[in-house]
Amino acid sequence: MRFGAIIFDEESDLGPGWASVEGEPGWRITGVGDLTKTEVVWLTNLNFQAHRALGRDEYLRQDYLPVSMAQMAKEWGHDPKYMDTAEQVSLAATLFGRIMRIACTVLWPLRNHVDPRPHAVQSKAPSVDDLFSWMIAPVRSGPNIVRSPNLKNLFEAIFPPQEFPPVGMNNATAAAIQNWTRTALMPPKGSSFVQLRRPRLMHALELLQTPEPRGPWEAFKVTDLPAAPDDAIAWVKDCGIEHNQPCLSQVILESMSNEVADVFSFGGGATAGGSTRRNWVSHPEFLILSRYARFQVKSVLRGRAYVNLHKALPPNVIAFLNDPYSETSWSAGVVAEAIWMAASTYKSGEVPFRTAWMKAADRTNSFLLASSLHQAGYVVITYSKGAVVVAASDEQISDLSHDALSLGMIPPLQLTMEKPFRSNSTIPWGGDERGKMDAVLRATGQRTILWEMDGMPLLPALDRKQAVRKIMQARVPQNAPS
């Protein structure tokens with residue numbers, strides 16, 4: 001089994017376009033009839049409507065990864081608007097292959113846990129064909145046979161079962177979710193949008209440390225709470241901090257500090273449903289509100305206790321997340337992002353408690369980064385998943401890399417390739433020490449070294465140290481990966 005990519009000329013049409021299989025140059029196609037359907041799994045740029053019209057085609061994938069093909073190009077230092085399509089599709093095919101092979105190595109030891117159907121005893125290491133054939137095979141869910149629609153769904157079963165709100169309270173968790181945030185700020189005329197991002201692996205590790213709320217759950221009406229608003233807020237905070245009891249709170253927001261109001265943007269962005277009004281908050285977001293806002297607590301759902309989600313992860317997943325060779329691999333970071341997103345999935349109208357807490361942890365962590373950038377004078381446009389998009393003027397661009405790195409965020413590779421830090425200069429890295437090597441390589445525009453390091457998790461463990469030594473000694477001239 002191999003992995004490929006297709007960029008159709010029109011996202012709504014399975015007509016002409018460009019295709020590539022990992023490691024090969026892109027070539028022109030007149031339609032899907034030109035492609036091998038049984039030996040290659042294809043990542044495509046089809047939109048949802050076009051892919052849905054195909055039915056359940058296990059070899060043509062749409063929206064399968066947490067990143068799009070255009071985002072791949074951007075994060076590897078290219079502008080997809082001007083990048084040759086043959087080069088872009090070749091880059092996407094190779095990265096898709098790396099991501100899937102890394103995901104396969106993480107998931108394969110868990111195959112009986114994730115998919116309970118009986119499997120033949122493996123007397124030798126499984127081939128890539130074995131791995132991906134299992135990953136695209138039908139998986140039973142209740143009485144129906146379904147196929148995995150995307151990568152994160154494959155990781156869902158490694159987590160403990162989710163808990164849902166009591167009957168009649170389903171809207172509480174749905175109204176606590178804000179998937180991404182659009183601030184109230186407008187981009188200045190002539191500014192450029194720039195995305196800054198925490199290392200994906202570091203963000204995943206932090207979110208997977210989010211305490212998981214557990215029931216049974218008890219409902220408190222406003223008459224059950226302390227009468228004074230500040231006392232009610234203190235009561236909720238005390239439940240979580242002093243008694244390890246999770247609280248989901250219905251709030252009436254009255255005002256917010258001018259310092260953060262435009263950036264925090266309560267309810268501004270994607271929620272759990274188009275008609276869902278944000279008026280519930282889980283504990284991570286409640287703490288932010290108590291710091292910056294005036295509000296009243298209208299009602300509370302209080303759980304029994306918190307449990308440690310990270311400790312429930314299978315050992316090989318923990319080993320992957322803590323592997324130092326994952327730290328400098330962009331592809332491993334995408335897999336890590338799929339893992340934490342798998343812990344926070346939901347269906348429309350059915351939002352579990354863990355999802356509400358993890359989404360809030362992601363939003364508050366991203367907000368703190370966005371707020372710091374706002375205080376530094378940048379216009380923040382959106383934020384989510386550990387990434388912040390700012391609108392920067394030409395005058396600000398020269399300082400943007402320095403300011404981002406000092407906050408533990410990675411500036412775009414395209415920016416650092418144009419204006420790299422000198423290799424002998426001090427990189428102002430303010431993030432986790434485990435992300436420093438990747439930050440230094442990106443800050444100095446070392447795309448070729450990053451490209452070689454990206455595939456490191458796929459090498460045998462005993463060969464990695466020597467391979468890294470050769471890469472660093474070579475210091476090859478910088479070329480775009482193809």
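All of these numbers come straight from a predicted model, not from anything done at the bench. Both backbone and side-chain heavy atoms feed into the values below; hydrogens, waters and symmetry mates do not.
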Of the non-hydrogen atoms in P187 and R182, which two are nearest, and what is the gap between them?
CD-NH2, 4.3 Å
Q178 and T181 side chains, donor-acceptor separation under 3.5 Å:
yes
Less than 4.0 Å between a side-chain N and a carboxylate O, is that true for K359 and E285?
no
Heavy atoms only: give me the nearest A356-I177 pair and the separation to one decimal.
CA-CG1, 4.3 Å
Determine yes or no for a side-chain-to-main-chain donor-acceptor pair under 3.5 angstrom, with R278 supplying the side chain and A176 the backbone.
yes
Tell me, do L248 and P165 make a side-chain contact under 4.5 Å, heavy atoms counted?
no
Quick one: ring-ring contact (aromatic ring centres under 6.0 Å, His included) pairs with a partner in residues 388-414, sequence neighbours left out?
none
Say you draw a straight line from OG of S331 to CG of L458; how long is it, rounded to the nearest 0.5 Å?
8.0 Å
Is it the case that the side chain of N316 and the backbone of V106 share a donor-acceptor pair, with hydrogens and angles ignored and the cut-off at 3.5 Å?
yes
Tell me, please, which residues at least two apart from D323 pass side-chain hydrogen bond (donor to acceptor under 3.5 Å, both in side chains).
R464
So with a 6.0 Å cut-off around CZ of R214, is the heavy-atom count from everything else above 12?
yes
Sorted by chain and number, sequence neighbours left out, salt bridge (charged side-chain N to carboxylate O under 4.0 Å, His left out) with D454 holds for R98
Any ion pair linking K81 and D79 (charged N to carboxylate O, less than 4.0 Å)?
no
Are W42 and F3 close enough that their ring centres sit under 6.0 Å apart?
no
Could you check whether any side-chain N or O of T183 sits under 3.5 Å from a backbone N or O of L185, counting only pairs where one atom can act as donor and the other as acceptor?
yes
For a salt bridge (charged side-chain N to carboxylate O under 4.0 Å, His left out) check, start with the C-alpha distance between R304 and E163, then their side-chain angles and the critical distance, and finish with the verdict.
CA-CA 12 Å; R304 173 180 55 84; E163 284 190 3; 5.8 Å; no
Closest approach of R354 to A343 (non-hydrogen atoms, all atoms of both residues):
NE-O, 3.0 Å
Minimum heavy-atom distance between A219 and D224, given as atom pair plus value
O-OD2, 4.4 Å
How many angstroms lie between atom CZ of F295 and atom OG of S249, to the nearest 0.5 angstrom?
7.5 Å
Hey, mind stepping through K152 and E337 against salt bridge (charged side-chain N to carboxylate O under 4.0 Å, His left out) and telling me if it holds?
CA-CA 8 Å; K152 72 174 184 285; E337 186 166 275; over 6 Å; no
Considering only residues two or more places apart or on different chains, which pairs with a residue in residues 404-417 satisfy side chain to side chain donor-acceptor pair (under 3.5 Å)?
none
Counterpart residues, side-chain hydrogen bond (donor to acceptor under 3.5 Å, both in side chains), relative to H283 (two or more places apart):
none
Heavy-atom check, side chain of L321 versus side chain of L201, under 4.5 Å
yes
Between K436 and E327, does any NZ, NE, NH1 or NH2 come within less than 4.0 Å of an OD or OE carboxylate oxygen?
no
Backbone N/O of D262 and side chain of S265: donor-acceptor pair under 3.5 Å:
no
Any Lys/Arg nitrogen of K311 or E212 sitting under 4.0 Å from an Asp/Glu carboxylate oxygen of the other?
no
Between N45 (side chain only) and F8 (backbone N and O only), is there a donor and an acceptor less than 3.5 Å apart?
yes
More than 12 heavy atoms of other residues, nucleotides or ligands under 6.0 Å from CD of E259: is that the case?
yes
With no hydrogens and no angle check, just 3.5 Å: does a side-chain donor-acceptor pair link H203 and N365?
no
Not counting sequence neighbours, which residues clear side-chain hydrogen bond (donor to acceptor under 3.5 Å, both in side chains) with Q71? List them please.
E75
Ring-plane angle category for Y64 and F96, please: parallel below 30°, perpendicular beyond 60°, tilted otherwise.
perpendicular
Is it the case that R363 places NZ or CZ above or below the six-membered ring of F264, under 6.0 angstrom from the centre and within 45 degrees of the axis?
yes
Donor-acceptor under 3.5 Å (S326 side chain, A332 main chain):
no
Side chain proximity check, Y325 to T328, heavy atoms < 4.5 angstrom:
no
Do the non-hydrogen side-chain atoms of N308 and P211 ever get within less than 4.5 Å of each other?
no
Are the side chains of F286 and W280 in contact, using a 4.5 Å heavy-atom criterion?
no
For W340 together with F159, are the ring centres under 6.0 Å from each other?
no
Does either side chain, that of D399 or that of Q396, offer a donor lying less than 3.5 Å from an acceptor on the other one?
no
Examine distances only and state if a side-chain atom of T173 and a backbone atom of V351 form a donor-acceptor pair shorter than 3.5 Å.
yes
I7 and Q88, any side-chain heavy atoms less than 4.5 Å apart
yes
Return the minimal non-hydrogen interatomic distance between G386 and D362, and the atom names on each side.
N-OD1, 3.4 Å
Are side-chain N/O atoms of N179 and Y346 paired as donor and acceptor at under 3.5 Å?
yes
With the side chain counted from C-beta on, respond yes when W330 and L450 share a heavy-atom pair under 4.5 Å apart, and no when they do not.
no
Specify the closest pair of heavy atoms between S366 and K385, including all atoms of both residues, with the distance to one decimal.
OG-N, 3.8 Å
Is it the case that R442 places NZ or CZ above or below the six-membered ring of W76, under 6.0 angstrom from the centre and within 45 degrees of the axis?
yes
